[in-house]
Protein chains: 2
Amino acid sequence: MVSQRGEGETTTTPAEAADKERARAIPEAAVARLAVYLRVLSGMAESGVTAVSSEELSQAAGVNAAKLRKDLSYIGSYGTRGVGYDVEVLVSHIERILGLTRNHSVAVVGIGNLGHALANYGGFPGRGFPVTALFDVDADLVGIPVGGIPVNHIDEITEVCLEREVSIGVIATPPPAAQSVCDRLVSAGVQCILNFAPVVLQVPDNVEVRKVDLAVEMQILSFHVARRADEAASVSVGNNGLGVDGMVIRP
Amino acid sequence: MVSQRGEGETTTTPAEAADKERARAIPEAAVARLAVYLRVLSGMAESGVTAVSSEELSQAAGVNAAKLRKDLSYIGSYGTRGVGYDVEVLVSHIERILGLTRNHSVAVVGIGNLGHALANYGGFPGRGFPVTALFDVDADLVGIPVGGIPVNHIDEITEVCLEREVSIGVIATPPPAAQSVCDRLVSAGVQCILNFAPVVLQVPDNVEVRKVDLAVEMQILSFHVARRADEAASVSVGNNGLGVDGMVIRP
DNA sequence: TACCGCTTGTGAACGCATGCACAAAGTCGG
DNA sequence: CCGACTTTGTGCATGCGTTCACAAGCGGTA
Ligand SMILES: NC(=O)c1ccc[n+]([C@@H]2O[C@H](COP(=O)([O-])OP(=O)(O)OC[C@H]3O[C@@H](n4cnc5c(N)ncnc54)[C@H](O)[C@@H]3O)[C@@H](O)[C@H]2O)c1
Ligand SMILES: NC(=O)c1ccc[n+]([C@@H]2O[C@H](COP(=O)([O-])OP(=O)(O)OC[C@H]3O[C@@H](n4cnc5c(N)ncnc54)[C@H](O)[C@@H]3O)[C@@H](O)[C@H]2O)c1
C-alpha cells in the first residue's frame, strides 16, 4: 500500500489532512498505548535523550516491539530505518493525534475525599489538563479554595462550565448523585466524562464516558489469585495442565 | 468443542471442579464485566429483587444482552429458560468465580492526597477488601491513624504485610518511588498490585499488576473530542471521507 | 398431557487486535 | 560507490472477543 500524498483535494495542508484521516482508524487499544508512549518519550526528552529505537521504547513502555511499531504506524511514518525515531518528532506527532495541541479544561464535581485529591494533584495541569472548576452540593465547601480553585455550588454548573469552556467533567460524588450530576454536565455542553462513582451512566451518543472503578480492579486481581490458587491445587492433585482444547503439541 | 463433564479425574466435588476448570478459560474482558454485573445484582438484591432476565440485567449493566449471557455462560448455566436468573444464585456464583468467598487484605503505600482518599474510602471493606495496612516514608505521618488504621513506616513493610496477610498492594507514591515500593511489596509476598503512579512497573511473572492512569484516561477522552472535531470539519469542508487506502474514484 | 410463548445457552460467523517475519530503506565504514 | 548491517513499516496469519441467530428447555395453560 503506497501512501498517496499531494492529491490536494482538501483545503488543509496535506500532512495535517493525512493525520486527521488516520485518527479515525486508530484502534482504541492503540490510543491508550500511545498515551503511555507519550509519557515515556516526554521523560526521555527531559533526560536529554534525542533518539530512540522501537526496541528501547517498547521496553520502557512495557510492550512488545512489533506492537509498538504497529501503533506508531497508525499515526504515520516518522521513523528512520536503520536508526530509530527522533524523540521530539514523535512527541509532537502523538500530541497532535491525541488532540493535546490545545488545553482541555477540567471540572471536578464532588469535593470529598477523592475530589480533594484530584483538585490538589499537580499532574493534570502539567499535561495540558488544567482543573478550572470545582463543584459540590455542600454549602460548607462552597467558596473555599481547594488546590487554588474556589468551590462553586453545583447549581452554578451550567454557567460556570460554559464560561470556563470545560471540556472534561470528572464525577467524584457518591453513587446516587452521579447520574444527576452527569445529566447536568451534559446539558452544560460537556462531552467527555470521567466517572469514579460505581454506577453505569446513561448518556447521549455524542458524549464519551470513561469509568474508573477501583472495586472492579480489585475484583479482577482477586480473580487472578483465585485462579492461580486453583491451578496450584489442580497440579498438586496430579492434573497435567493440558489446555481445555487439549491440542497435542510438537509434530 | 464439547465441554466434558463427569470425567472424575479430580478429588474435589464435581461442581467445584467444573467451576475451577472454567475459571481458566474466562476472557479477561468478561471478568471485568462480571464484577460490574455483581455490583448491579447486589444492588438489586438489596432492593428486594429476586429474579432478573438477561435483558433487564444487561440494560442495568450497560451492555448487550447477548454479551451478558455469553459472559454468564463462562461461569456455568444457572438460569432458567423462559424465566431468567435468580439474583441470589447469580451473586453467589459470581462471587465464587471472582474469588470473593474470602477477604483480600489491602495495603496502601504512600499516604498523600490519594492515599488518604483511599484509606478513608468505605467502599472497599464493604466489598471484601479490608484495608489493613498503610505505609509511608514520611516520619511525620507514621503512627497517625488514617481511616482508623495507623500508618507504618515503609521499612516495616515486609513484616507487616506478612503478619496481616496482605494480598493486594496499592501504590500511591510519587512516580520515582513506585518501582522500589513495588519491589518491596513483591518481596513481602504480595502477588497483586494496583498502581496509581504513572510508571511502567517491572514485576516477576507470578505477580499481577493493574494500573490506573488518570492522565491516560483524559488523553483518551481528548483523542475522541479531537476526532469528533476533525470529522465535523471534514464534513463541513465537503470531504467525502474516503480512507487513506481509498480507491480513486473518477467517472 | 399437549401445546404455546418466553428466555436461556451456545455454535458459528465476523471483526478487531496481536505477533511474526521479512522486504524496504536507511546508515556507516571502507 | 558499494556492500554489510541495522531498524523500520507492514502484509499476513492467528487468536481473542463480540454479535447474531436459533434450538433447547422451562413454565404456564387448556
Ligand atoms: N475515595 C476513594 O478512594 C474512592 C475509591 C473508589 C471509588 N470512589 C467513589 O468516588 C466517589 C467519591 O468518593 P469520596 O470518597 O470522595 O466520597 P465523599 O463522600 O468523601 O465525597 C463526596 C462529595 O460529593 C458531594 N456531593 C454529594 N452529592 C452531590 C451532588 N449532587 N452534587 C455535587 N456534589 C455532591 C458531597 O458533598 C461530598 O463532598 C464515590 O462515588 C465513591 O464510590 C472513591
Ligand atoms: N492525587 C491524584 O489525584 C492523583 C491522580 C493521578 C495520579 N496520581 C498519582 O498517584 C501518586 C500519588 O499521588 P498523590 O497526589 O497522593 O501524591 P502525594 O505527594 O500527595 O503523596 C505521596 C505520598 O507518598 C509518600 N512517599 C514518597 N516516597 C515514598 C516511599 N518510597 N515509600 C512510601 N511512601 C512514600 C510521600 O511521603 C507522600 O505522603 C502519584 O504517583 C501521582 O502521580 C495521583
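Quick caveat: nothing in here was measured; it's all calculated off a predicted structure. Within every chain, numbering begins at 1; the chains are lettered A, B, ... in the order of the sequence lines, protein sequences first and strands thereafter.
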(request) Please report the shortest heavy-atom distance between Val89(A) and Asp86(A), naming the atom on each side. (result)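 Looking at all heavy atoms of both residues, the shortest contact is N-OD1, 3.1 Å.
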For [X] and [N], give me the distance from atom [atom1] to atom [atom2], rounded to whole Å.
{"X": "Leu68(B)", "N": "dG17(D)", "atom1": "CG", "atom2": "P", "result": "17 Å"}
{"X": "Glu28(B)", "N": "dA17(C)", "atom1": "CD", "atom2": "P", "result": "17 Å"}
{"X": "Ile26(B)", "N": "dG9(C)", "atom1": "CD1", "atom2": "P", "result": "14 Å"}
{"X": "Tyr78(A)", "N": "dT7(D)", "atom1": "OH", "atom2": "P", "result": "22 Å"}
{"X": "Ile75(A)", "N": "dT8(D)", "atom1": "CD1", "atom2": "C1'", "result": "14 Å"}
{"X": "Leu90(B)", "N": "dT7(C)", "atom1": "CG", "atom2": "C1'", "result": "14 Å"}
{"X": "Tyr85(B)", "N": "dC6(C)", "atom1": "OH", "atom2": "P", "result": "18 Å"}
{"X": "Tyr37(B)", "N": "dT8(C)", "atom1": "OH", "atom2": "C1'", "result": "15 Å"}

(message) Given Ser222(B), which partner from the list Arg102(A), His104(A), Glu95(A) fulfils the side chain to side chain donor-acceptor pair (under 3.5 Å) test?
(response)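 It is His104(A), the one option of Arg102(A), His104(A), Glu95(A) that forms the side chain to side chain donor-acceptor pair (under 3.5 Å) with Ser222(B).
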(request) Would you jot down, in residue-number order, the residues of residues 49-57 of chain B having a non-hydrogen atom under 4.0 Å from DNA chain C? (result)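 Correct list: Ser53(B), Ser54(B).
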(request) Can you check each nucleotide of nucleotides 20-30 of chain D against protein heavy atoms at under 4.0 Å and return B for base, S for sugar-phosphate only, - for none, in 5' to 3' order? (result) BB--BBBS---
(request) Go through the steps to decide whether Ile171(B) and Leu201(B) satisfy the test side-chain contact (heavy atoms from CB on, under 4.5 Å), and finish with yes or no. (result) CA-CA 11 Å; Ile171(B) 298 179; Leu201(B) 296 178; 3.9 Å; yes
(message) Checking Glu217(A) against Ile168(B) for the side-chain contact (heavy atoms from CB on, under 4.5 Å) test, could you report, in this order, the C-alpha distance in whole Å, the side-chain angles of both residues, the deciding distance, and whether it holds?
(response) CA-CA 11 Å; Glu217(A) 295 297 327; Ile168(B) 297 178; over 6 Å; no
(request) Please report the C-alpha distance between Val91(A) and Met44(A) in whole Å, then the side-chain angles of each, then the deciding distance to 0.1 Å, and finally whether the side-chain contact (heavy atoms from CB on, under 4.5 Å) criterion is met. (result) CA-CA 10 Å; Val91(A) 164; Met44(A) 287 177 169; over 6 Å; no
(request) Let me know which of Tyr74(A), Tyr85(A), Tyr78(A) forms a ring pair (Phe, Tyr, Trp, His ring centres under 6.0 Å) with His93(A). (result)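 Running ring pair (Phe, Tyr, Trp, His ring centres under 6.0 Å) over Tyr74(A), Tyr85(A), Tyr78(A) with His93(A) returns exactly one hit, Tyr78(A).
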(request) For the side chain of Ala29(A), starting at C-beta, report the closest nucleotide among dT10(C), dG9(D), dA17(C). (result)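 In terms of side-chain proximity for Ala29(A), the closest of dT10(C), dG9(D), dA17(C) is dA17(C).
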(request) Would you mind telling me which of dT18(C), dT19(D), dG9(D) lies closest to the side-chain atoms of Lys67(B)? (result)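 Selected nucleotide (nearest to the side chain): dT19(D).
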(message) My understanding is that only residues two or more places apart in sequence, or in another chain, count here; which of them pass side chain to side chain donor-acceptor pair (under 3.5 Å) with Gln191(A)?
(response)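 For Gln191(A) there are no side chain to side chain donor-acceptor pair (under 3.5 Å) partners, ignoring immediate neighbours.
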(message) Under a 4.0 Å threshold between the charged nitrogen and the carboxylate oxygen, would Glu28(B) count as salt-bridged to Arg227(A)?
(response)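 No.
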(message) Quick check for you: to the nearest 0.5 Å, what is the distance between Ser53(B) atom OG and Arg69(B) atom CZ?
(response)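 Reported value, rounded in 0.5 Å steps: 9.0 Å.
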